[in-house]
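Every chain is numbered from 1, with letters handed out A, B, ... down the list of sequences.
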Amino acid sequence: MERSDRKIGFLSAVPITVILMLSFTAPLLVVLLFSVMPPKVFTLANVPDFSSYGVLISQGYYRSLLWSLGTALAATVLLFLICWPLAFAMAKVFKGFTLFITVAVVITLFVSENIRLFGWVLTLMKGGLIEGHLRAWVGWSFEGALYNVPVIIFGLVYVYFPFMLFPLVQGISMVPDDARQAAADLGATRRQIFWEVDLPLSAPGIVIGSLLTFVLGAGALAESKLLGGQAVIVIADEIETAFTYGQNWPLGSALSIILIFIIGSLAVFGVSRVDLDKIMGRRR
Amino acid sequence: MRIGRATRIALYLYGVVVIALLYLPLLSVGFASVSKARYLTFPIKRYAFQWYGKALESHTVQDLLWTSLSIAGIVTVISMIVGFFGALAFARYQWRFRGVFQKLILLPIFFPQAVLGLALLMWFNSIGIIPDWKTAVVAHLVWISPIATLVIAIRAYSFDPALEEAARDMGASTWVVLKEVTGPLLMPGVVSAGLFSFLLSWGNFPLSLFTTGADSTLPEWLYAKMVSGYSPLVPTVGILSIATSMILLIVAFTIYWFVRSARERRARTI
């Protein structure tokens with residue numbers, strides 16, 4: 001029994017592992033190799049010279065990187081604050097309403113993110129849904145709310161909302177009601193229960209949610225392009241430009257490697273601290 | 001720890017407000033799609049459905065629909081098959097590299113999709129493949145097949161391994177156990193994974209951006225138009241794309257509901 005379990009387990013892992021080797025691991029290796037090539041070459045048959053990493057610092061690309069990481073961090077913190085009360089209510093307070101919210105949120109995931117962001121452009125622009133109606137109804141006019149840094153963060157908060165909400169709900173539902181009750185009976189205040197029971201016991205959900213939003217936000221492109229209108233250039237934008245207009249694959253690769261390195265080490269660190277079997281609801 | 005009535009009401013209200021905000025931009029797109037004017041300003045003065053007619057007649061839009069549909073269809077079939085076995089390895093069987101495997105599956109989901117697309121573009125280039133819509137299928141699979149695996153794994157976690165063991169003790173071969181016990185038990189998970197795969201592929205933009213070559217998907221075309229300036233076709237085609245997803249969802253839920261009530265009726269007659 002044991003032995004056949006091992007064999008079948010290994011065999012069933014083969015198809016997806018092969019797909020990911022060919023379409024995930026191999027491409028990343030190619031990016032890594034390209035990043036050490038001399039500038040503006042399109043094949044790997046060149047002598048590596050690591051010059052692209054030098055340009056990275058001298059041309060100020062670190063600024064875009066900091067913008068990406070900064071906006072992603074701001075969005076993550078905001079999302080945690082926004083999602084916590086709702087996630088708590090979904091896990092502990094709402095009954096049928098939880099299912100309604102879940103379905104309503106999942107449906108938005110199936111709408112292309114650029115259509116949703118474009119909807120915000122139409123909502124927030126001058127002459128858009130908000131400004132246009134305010135002007136027509138109460139005669140109050142302003143210059144739209146687009147093309148600045150806060151609106152980029154707003155876009156990230158909007159797009160990655162489900163990625164924070166669902167892990168939090170899952171995390172909070174792992175907090176036993178008995179533990180909260182016991183703490184309350186022993187005289188803990190609401191604040192103490194939050195800091196010493198809720199927060200530590202739902203930590204796996206918090207880790208996964210924060211990690212997902214931060215990582216996806218740091219690599220995001222559409223929010224700054226559509227809502228931010230180049231108010232700041234984010235790192236994903238620089239990478240795209242290096243590959244397309246710049247025709248400089250090694251530079252684009254070096255920028256990608258830096259981003260991948262930061263994101264990858266965070267993701268590996270976070271994922272390795274969390275017991276997936278427990279979060280996903282293994283019985284036994 | 002009782003939650004007061006006022007807090008409860010506040011939480012319900014909060015939930016309603018959040019959902020309303022999630023859908024507000026779609027409302028704007030919806031209104032924009034039925035505005036008669038070529039240059040959109042709110043409040044809309046005259047409504048017309050002319051842009052829907054124009055969009056459906058356009059050959060470009062028909063090609064886009066067809067490309068998106070082909071990609072999503074193939075991605076769905078492959079994700080369901082690969083995800084089924086992947087989920088067994090993820091959740092069901094104890095084998096040596098399971099921990100590593102679980103983490104490998106998660107990594108692509110944590111990855112910036114646009115960068116993943118670029119990496120694939122360079123990979124295809126270096127092995128001499130010219131990108132077209134078929135390479136976009138590969139790109140979508142990198143991100144969607146792990147998600148399909150996770151969706152099925154949730155189902156695999158919740159079933160009782162004793163059922164499989166019982167079948168094996170009665171002399172069923174591995175293949176028969178898979179076909180007669182494991183397969184049917186995981187089927188609801190596989191179907192919802194298929195639905196997820198199709199919808200995620202249909203709406204995906206960052207993965208397609210660099211990997212479709214000369215072909216273009218619906219979200220890609222919309223993005224190109226959005227960046228280059230307003231076109232009245234953008235909200236219209238956007239709504240058409242959303243409508244396709246919603247129709248699929250409604251059909252899926254209706255079928256699910258019918259199957260369930262038929263099964264309940266059968267259970268009652270026995």
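- Between chain B and the options A:T123, A:V106, A:V31, heavy-atom pairs under 4.5 Å are most frequent for A:T123.
- Options B:P206, B:G86, B:P219 differ in how many heavy-atom pairs under 4.5 Å they form with chain A, and the most are formed by B:P219.
- Across A:R116 and B:P25, no two heavy atoms sit closer than the pair O-CB, 3.4 Å.
- In this structure a side-chain-to-backbone donor-acceptor pair under 3.5 Å is missing from A:N114 to B:L222.
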With side chain to side chain contact (heavy atoms under 4.5 Å, CB included) as the criterion, how do A:F110 and B:W202 come out once you've worked through the C-alpha distance, each side chain's angles and the decisive distance to 0.1 Å?
CA-CA 8 Å; A:F110 298 139; B:W202 175 259; over 6 Å; no
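- Contacts with chain B were tallied for A:L109, A:V268, A:I82, A:I239; A:I82 has the most, counting heavy-atom pairs under 4.5 Å.
- Your options are B:L121, B:I242, B:L118, B:V234, and the one with the most heavy-atom pairs under 4.5 Å with chain A is B:L118.
- Between atom CD1 of residue A:I19 and atom OG of residue B:S79 there is a gap of 7.5 Å, rounded to the nearest 0.5 Å.
- Annotation: A:F243 is not in aromatic contact with B:F210 [ring centroid separation under 6.0 Å not met].
- When all heavy atoms are compared, the tightest approach of A:L28 to B:A119 is CD2-CB, 4.4 Å.
- Both the backbone and the side chain of B:L11 come within contact range of chain A, judged by heavy atoms closer than 4.5 Å.
- Comparing A:G219, A:A89, A:A220, A:A104 by how many heavy-atom pairs each has under 4.5 Å with chain B, the most go to A:A104.
- Here the CD atom belonging to B:E220 is positioned 10.0 Å from the OG atom belonging to A:S112, to the nearest 0.5 angstrom.
- Rounding to the nearest 0.5 Å places CE of B:M226 at 8.0 Å from CG of A:L117.
- Residue B:F253 qualifies as open at atom CZ: its count of foreign heavy atoms under 6.0 Å is 12 or below.
- When the candidates B:I239, B:L116, B:L107 are compared by the number of heavy-atom contacts under 4.5 Å with chain A, B:L107 comes out ahead.
- In this structure, A:F118 has its ring center no closer than 6.0 Å to that of B:Y223.
- Separating the CD1 atom in A:I8 from the CH2 atom in B:W95 is a distance of 12.5 Å, to the nearest 0.5 Å.
- For the atom pair CD1 (A:I16) and CG (B:L104), the distance works out to 8.0 Å, reported to the nearest 0.5 Å.
- Of the possible donor and acceptor atoms, one in the side chain of A:Y158 sits under 3.5 Å from a partner among the backbone N and O of B:L22.
- Here the two rings, on B:F97 and A:F10, have centers that are 6.0 Å apart or farther.
- For A:I101, the parts lying near chain B are the backbone and the side chain together; criterion is any non-hydrogen pair under 4.5 Å.
- With a threshold of 4.5 angstrom between heavy atoms, B:T149 approaches chain A through side-chain atoms but not through N, CA, C or O.
- Considering only heavy-atom pairs separated by less than 4.5 Å from chain A, the leading option among B:V142, B:I78, B:L141, B:V29 is B:V142.
- Both the backbone and the side chain of A:A13 come within contact range of chain B, judged by heavy atoms closer than 4.5 Å.
- Two residues are said to be in side-chain contact when any heavy atoms from C-beta on lie closer than 4.5 Å; B:M122 and A:S253 meet this criterion.
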After noting the C-alpha distance and the side-chain angles of B:I105 and A:T17, does the key distance pass the side chain to side chain contact (heavy atoms under 4.5 Å, CB included) rule?
CA-CA 8 Å; B:I105 296 292; A:T17 310; 5.9 Å; no
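- Atom CG of A:L20 and atom CZ of B:F101 lie 8.0 Å apart (nearest 0.5 Å).
- Residue A:L216 touches chain B through its side chain alone, counting heavy-atom pairs closer than 4.5 Å.
- In this structure, the portion of A:F161 lying under 4.5 Å from any heavy atom of chain B is its side chain and not its backbone.
- Looking at A:L86, the atoms closer than 4.5 Å to chain B (heavy atoms on both sides) sit in the backbone and in the side chain alike.
- Between chain A and the residues B:L88, B:L120, B:V115, the most heavy-atom pairs under 4.5 angstrom are made by B:L120.
- When all heavy atoms of B:S28 and A:G119 are compared, the pair lying nearest together is CB-O, 3.7 Å.
- Ring-centre distance between A:F24 and B:F111: below the 6.0 Å cut-off.
- At a 4.5 Å heavy-atom cutoff, the contact between B:L21 and chain A is made by backbone and side-chain atoms alike.
- Among A:F34, A:W249, A:F163, the residue with the largest count of heavy-atom pairs under 4.5 Å with chain B is A:W249.
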CA sep, side-chain torsions, deciding dist, call: A:I115, B:S241, side chain to side chain contact (heavy atoms under 4.5 Å, CB included)
CA-CA 9 Å; A:I115 298 179; B:S241 155; 4.0 Å; yes
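- Counting heavy-atom pairs closer than 4.5 Å to chain B, the top residue among A:T25, A:V93, A:L29, A:L221 is A:V93.
- For the set A:L211, A:V18, A:V14, A:L259, the entry with the most heavy-atom pairs within less than 4.5 Å of chain B is A:L211.
- In terms of modelled atom types and a separation under 3.5 Å, the side chain of B:W123 and the main chain of A:L22 share a donor-acceptor contact.
- When all heavy atoms are compared, the tightest approach of A:F97 to B:G15 is CE2-CA, 4.5 Å.
- Looking at B:V18, the atoms closer than 4.5 Å to chain A (heavy atoms on both sides) all sit in the side chain, from C-beta outward.
- Counted within 6.0 Å of CZ on B:F31, heavy atoms from surrounding residues, nucleotides or ligands total 12 or fewer; the atom is thus considered open.
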